[in-house]
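Before any comments, here is the structure.
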Amino acid sequence: MANGPPSAESGGSIFEGATYLASAHSLRDLPLPGPPEIAFAGRSNAGKSSALNTLVRHKRLAFTSKLPGRTQMINFFALRSAAVLVDLPGYGYAKVPATVREHWGAVVSAYLAGRTTLCGLVVIMDVRNPLTSLDEQLLRWFAPRGLPVHALLTKSDKLSRQNAGQALALVRAQLAKLGPDYSVQLFSALTRAGVAEAESTLAAWLSSARLAQDEVIPAP
Ligand code: GDP
């Protein structure tokens, strides 16, 4: 179902009213684990910042830049509904020096591998060039964590309906090989196509994560 019921917590989108929480340059800087977190990853220039800004209905919450690869921090945004969105630095930008890439690879992989409150990963891919080898590397490497992954094929406005549909089917078939918790959809920051579908998937992750947290922490 594309449109889930509106969240009772916010009376509408669970993503409305997101605020900047923190930025981390290294593992030491990570905010203490709290509410469930959803991380956003993607190749530089894939459209990650635009997708995040569109989801939270904010023009510039996540930094959009014409210079791919400039955002080299993990940025945390708090939602009103006790959840956190995590903007990971984009990967695959050749002009970033190797030493910086390695440092960032290490910090991001440690975050993705170890963050206890992480409840799912959103991978942003340009619908015209999905599942690059770097995207595949990330997905394969992340699979053992057993967390759900949702792919947003963004910039869908750049393709005809037919071509976008073909790209969607192709990626869906590839992801199905990785496991049952992999989903994919079309998205456009320009037309806002796919916003409701993304919200519905992510809201379901957060609900399950909260239920799991409630089981771990007994009520007082
Ligand atoms: P990031 O590096 O992954 O954060 O990518 P950005 O969000 O900065 O987007 C990279 C470029 O793609 C920018 O010029 C955006 O305006 C453009 N862009 C992002 N999303 C869309 C979209 O849905 N449709 C179109 N037509 N352009 C987009």
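Counting starts at 1 for both ligands and their atoms, in listed order. Position 1 is the first residue of the sequence; numbering continues from there. Only heavy atoms go into these numbers, but all of them, side chains included; no hydrogens, no water, no symmetry mates.
- At a 4.0 Å cut-off, not a single heavy atom of G90 sits close enough to ligand 1 to count as contact.
- Residue contacts with ligand 1, taken as heavy atom pairs separated by less than 4.0 Å, involve T154 solely via side-chain atoms from C-beta onward.
- Comparing K48, K158, R192, K155 by heavy-atom distance to atom 12 (O) of ligand 1, the nearest is K155.
- Using a 4.5 Å cut-off on side-chain heavy atoms (C-beta onward), W205 and L147 make no contact.
- Of all the atoms in ligand 1, the ones that sit under 4.0 Å from a non-hydrogen atom of S49 are 1 (P), 4 (O), 7 (O).
- Looking at heavy atoms from C-beta onward, T132 lies in side-chain contact with R43 at the 4.5 angstrom threshold.
- For ligand 1, the atoms sitting less than 4.0 Å from at least one non-hydrogen atom of R43 are 3 (O), numbered in the order shown with element in parentheses.
- At least one N or O atom of D157 sits closer than 3.5 Å to an N or O atom of ligand 1.
- The distance criterion of under 3.5 Å between nitrogen or oxygen atoms is not met by F187 with respect to ligand 1.
- In terms of polar-atom proximity, A189 is counted as a contact of ligand 1, with an N or O under 3.5 Å from an N or O of the ligand.
- Residue S188 places a heavy atom less than 4.0 Å from ligand 1.
- Side chain to side chain, N75 and S23 meet the donor-acceptor criterion of an N or O pair below 3.5 Å.
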Report the C-alpha separation of E37 and R115 in whole Å, then their side-chain angles, then the decisive distance to 0.1 Å, and conclude whether the salt bridge (charged side-chain N to carboxylate O under 4.0 Å, His left out) test is met. CA-CA 9 Å; E37 290 176 4; R115 187 73 163 177; 2.7 Å; yes

Checking E199 against R57 for the salt bridge (charged side-chain N to carboxylate O under 4.0 Å, His left out) test, could you report, in this order, the C-alpha distance in whole Å, the side-chain angles of both residues, the deciding distance, and whether it holds? CA-CA 12 Å; E199 283 179 358; R57 293 169 169 73; 3.0 Å; yes

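- Near G47, with a cut-off below 4.0 Å to any heavy atom, the atoms of ligand 1 are 1 (P), 3 (O), 5 (O), 6 (P), 7 (O), 9 (O), 19 (C).
- When only interatomic distances are considered, the shortest N/O to N/O separation between S44 and ligand 1 does not fall below 3.5 Å.
- By the 4.5 Å heavy-atom criterion applied to side chains, M125 and V184 are not counted as neighbours.
- Residues S50 and N53 bring no donor and acceptor atom of their side chains to less than 3.5 Å of each other.
- Under the 3.5 Å distance criterion, with hydrogens and angles disregarded, no donor-acceptor pair is assigned to the side chains of Y91 and Q137.
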